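Input: a single structure, listed below in C-alpha cells.
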2 protein chains.
Amino acid sequence: MNTSQRFAITIHALTLLADSRQPLTSEYIAGSVDTHAVVIRRTMAALREQGLVESKPGARGGWKLKRAPGKIHLREVYQSLGEEEVLSMHSHPNRYCPIGGNIRGVLEEVFSSAQSALLDSLSRRTIADVLRDVHARARRR
Amino acid sequence: MNTSQRFAITIHALTLLADSRQPLTSEYIAGSVDTHAVVIRRTMAALREQGLVESKPGARGGWKLKRAPGKIHLREVYQSLGEEEVLSMHSHPNRYCPIGGNIRGVLEEVFSSAQSALLDSLSRRTIADVLRDVHARARRR
DNA sequence: CATATTTGTAACCATTATAGTTACGAATAT
DNA sequence: ATATTCGTAACTATAATGGTTACAAATATG
C-alpha cells in the first residue's frame with residue numbers, strides 16, 4: 001500500500017504559506033488543495049505541535065510559518081506527521097521455526113536502512129526549494 | 001500510512017525456500033509466517049510471474065526458487081509485488097491557483113527521488129544476505 | 001459590546017485496502 | 001484410484017483514510 005495524501009497536502013499548504021505575506025485561512029488552503037477545511041486543520045495540527053507553523057483563531061486569523069521556508073526540510077515535515085515506517089513487518093512469525101524465530105530482527109534492520117535512505121532524500125529539500133520549482137514551472141507556461 | 005505486510009511475508013518465504021533443498025508447500029510456509037496458505041499463494045503468485053520462484057501442484061508439489069538466493073535482490077522482490085509508490089500525491093489540486101496548478105509536477109519529482117533512494121537501499125541486499133543474517137542470529141541464542 | 005470570522009475538535013459516514021477464510025476445481029505423484 | 005497440493009473466486013471483518021456536519025471557543029473590528 002502507499003502512504004496517505006497527508007504529506008502531499010502538507011507540502012502544498014506550506015508552499016502556499018511560504019508564498020504569502022498574510023496568514024492564510026484553512027478555507028483558502030483547502031480551496032487550493034481541493035479538500036475540506038477540516039482536513040487542513042487536522043493535518044496542520046501536527047505541524048503546529050512540531051513548531052513549524054502557528055494558527056490563530058478568529059477574524060483575520062489563519063495559518064503562518066514560524067520559520068523561514070529555507071529552514072524547513074521535507075524530512076522534518078514528513079516526520080511531524082508521525083506516519084508509520086513505509087515498510088512494515090508481518091505480525092507473529094512462528095518463533096519455533098529457526099527462520100521465523102529470527103527473521104524479524106533481520107527485517108527490522110533492512111527496513112530501517114531503507115527508511116533512512118528515504119528520509120535522507122527528503123532532507124535534501126526545503127519548502128523554499130519547492131516554492132522555487134513551482135514558480136519556475138509557472139513561468140514556463 | 002505504511003505498506004502492506006506482503007513484502008515482509010515474501011522475504012520470509014523466500015528465505016525459507018533458500019534454506020531448503022526440497023520444495024515447500026504453501027501450508028508449511030504459512031505455518032512459519034503465521035498466516036493462511038491462501039495468503040501465501042496469493043502473494044507468491046506475483047513472484048512467480050516475475051520468474052523468481054516456481055510452483056508445482058499435486059503431491060510432492062510446492063514452491064522453489066528459480067534462481068540462486070545471492071542473485072535475488074530485495075529491490076526486485078519489492079518491485080515484483082507491484083506496490084504503489086510509498087509517497088502519494090493528493091488528488092486534484094486547484095489548477096487555477098498558481099501553486100496548486102504547478103505543485104504536482106514538483107512533488108512527482110521529489111517523491112520519485114525518495115522512492116529511488118528507498119529502492120537503491122533495497123538493491124544492496126539479497127535473499128542470501130538475509131538468510132546469512134538469520135542464521136547468525138540463530139547461532140547467537 | 002455585538003457581530004462576523006476563524007480555529008479546535010468530536011462525531012459520523014462512505015470508501016478502500018488488507019488479510020483471513022471457505023470452497024471447489026485442476027494437476028500431479030505414488 | 002487416491003491423497004496431496006496449487007489456483008482462484010468469493011465472502012467477511014477490520015482498519016485507515018478522507019469528507020462532512022456540528023458546535024464551542026477565540027479574536028478582530030466597527
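Proteins come first, then strands; the chains are lettered A, B, ... in the order of their sequence lines, and each starts at number 1. As the structure is a prediction and not an experimental result, all values here were calculated from the model.
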Side chain to side chain, Leu87(B) and Tyr78(A), heavy atoms closer than 4.5 Å:
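Counting from C-beta outward, Leu87(B) and Tyr78(A) do come under 4.5 Å.
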When you measure from the side chain of Arg48(A), which nucleotide among dG19(D), dG8(C), dC6(D) comes out closest?
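Taking heavy atoms from C-beta onward, the closest nucleotide is dG8(C).
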If you check every side-chain atom of Val39(A), which of dT20(D), dT9(C), dG7(D) has the closest atom?
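Closest nucleotide to the Val39(A) side chain: dT20(D).
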For dG19(D), does OP1 or OP2 lie under 4.0 Å from any side-chain N or O of Thr35(A)?
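Yes, Thr35(A) has a side-chain N/O under 4.0 Å of OP1/OP2 on dG19(D).
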At under 4.0 Å, does any side-chain N or O of Arg41(A) touch on OP1 or OP2 of dT7(C)?
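The answer is yes; a side-chain N or O of Arg41(A) sits under 4.0 Å from OP1 or OP2.
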[atom1] of [X] versus [atom2] of [N]: gap in Å, rounded?
| X | N | atom1 | atom2 | result |
| --- | --- | --- | --- | --- |
| Glu54(A) | dT27(D) | CD | P | 12 Å |
| His36(B) | dC6(D) | NE2 | P | 12 Å |
| Ile40(B) | dT5(D) | CD1 | P | 15 Å |
| Leu81(B) | dA17(C) | CG | C1' | 15 Å |
| Gln5(B) | dA16(D) | CD | P | 12 Å |
| His92(A) | dA19(C) | NE2 | C1' | 14 Å |
| Glu83(B) | dT18(C) | CD | C1' | 11 Å |

Would you please test His73(A) and Thr126(A) for side chain to side chain contact (heavy atoms under 4.5 Å, CB included) and show each step?
CA-CA 4 Å; His73(A) 292 264; Thr126(A) 67; 3.6 Å; yes
Scan residues 56-65 of chain B against DNA chain C and write down, sorted by residue number, each residue with any heavy atom closer than 4.0 Å; if none is found, say none.
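Output list: Lys56(B), Pro57(B), Gly58(B), Ala59(B), Arg60(B).
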Pull out every residue in residues 12-34 of chain B that has a heavy atom closer than 4.0 Å to any atom of DNA chain C, ordered by number, or say none.
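The answer is none.
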Can you name the closest pair of heavy atoms from Leu107(B) and Ala8(A) and give their distance?
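Smallest heavy-atom distance, with atoms named: CD1-CB, 4.0 Å.
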Can you check whether Leu16(A)'s main-chain N or O pairs, donor with acceptor, with Ser20(A)'s side chain at less than 3.5 Å?
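Checked: no pair found.
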What's the verdict on side chain to side chain contact (heavy atoms under 4.5 Å, CB included) for Ile29(B) and Val33(B), showing C-alpha distance, side-chain angles and the deciding distance?
CA-CA 6 Å; Ile29(B) 297 170; Val33(B) 167; 4.1 Å; yes
Salt bridge (charged side-chain N to carboxylate O under 4.0 Å, His left out) contacts touching [range] (sequence neighbours left out):
| range | result |
| --- | --- |
| residues 88-112 of chain A | Glu109(A)-Arg125(B) |
| residues 114-123 of chain A | Arg75(A)-Asp120(A) |
| residues 132-141 of chain B | Asp129(B)-Arg132(B) |

Hey, mind stepping through Phe7(A) and Leu74(A) against side chain to side chain contact (heavy atoms under 4.5 Å, CB included) and telling me if it holds?
CA-CA 9 Å; Phe7(A) 187 42; Leu74(A) 299 192; 4.3 Å; yes
Determine whether Ile9(B) and His12(B) satisfy the following criterion, side chain to side chain contact (heavy atoms under 4.5 Å, CB included), listing intermediate values before the conclusion.
CA-CA 5 Å; Ile9(B) 289 177; His12(B) 187 150; 5.5 Å; no
Ignoring hydrogens and geometry beyond distance, is a side-chain donor-acceptor pair present between Asp34(A) and His90(B) at under 3.5 Å?
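Not at all, the side chains of Asp34(A) and His90(B) share no donor-acceptor pair under 3.5 Å.
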Polar atoms only, N or O, under 3.5 Å: list the protein pairs with nucleotides 10-13 of chain D and their distances.
residue, atom, partner, partner atom, Å
dA10(D), N6, Arg42(B), NH1, 3.1

